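Comments concern the structure below.
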Amino acid sequence: MLTRTKLFQGEDTPQIFHSVVNFQPPPPSRVNPDVPSMLDFVVERALKKDPAVRYQDAFELAPICARCSRS
């Protein structure tokens, strides 16, 4: 939604799954300059391949998003 593009590209479902597993999408601010660069960190962590590194729930993410919206 931030970039107004598909996060992972592919001609069919197996190609999309391959992209999800093997590629890190570019930072949102690089695709859409209207996105504040401080959101790049938030999105990158939310999309980490290792689930232990991602935000564990919305309660962990909410204070970070609140700080981003104040800037």
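All of these numbers come straight from a predicted model, not from anything done at the bench.
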Heavy atoms only: give me the nearest Asp34-Arg4 pair and the separation to one decimal.
OD2-NH1, 4.5 Å

Indicate yes or no for a side-chain donor-acceptor contact from Thr3 to the backbone of Pro28 under 3.5 Å, with no hydrogens or angles considered.
no

Side chain of Lys49, backbone of Phe23: donor and acceptor closer than 3.5 Å?
yes

Give the minimum heavy-atom separation between Lys48 and Val53, together with the two atoms involved.
CG-CG1, 3.8 Å

Identify the residue among Asn32, Asp40, Leu39 that makes a side chain to side chain contact (heavy atoms under 4.5 Å, CB included) with Pro27.
Asp40

Closest heavy-atom contact between Pro63 and Glu60?
CD-O, 3.6 Å

Taking all heavy atoms of Val42 and all of Ile64, pick out the closest pair and write down the distance.
CG2-CG2, 3.5 Å

Say whether, by atom type as modelled, one donor and one acceptor occur between the side chain of Gln9 and the main chain of Leu7 under 3.5 angstrom.
no

For the CD atom on Glu11, are there more than 12 heavy atoms of other groups (residues, nucleotides or ligands in this structure) within a distance under 6.0 Å?
no

Shared hydrophobic cluster for Phe17 and Leu47 (ILVMFWY, side-chain gaps under 4.5 Å)
no

Do Val20 and Leu2 sit in the same hydrophobic cluster, where Ile, Leu, Val, Met, Phe, Trp and Tyr count as joined when their side-chain heavy atoms come under 4.5 Å apart?
yes

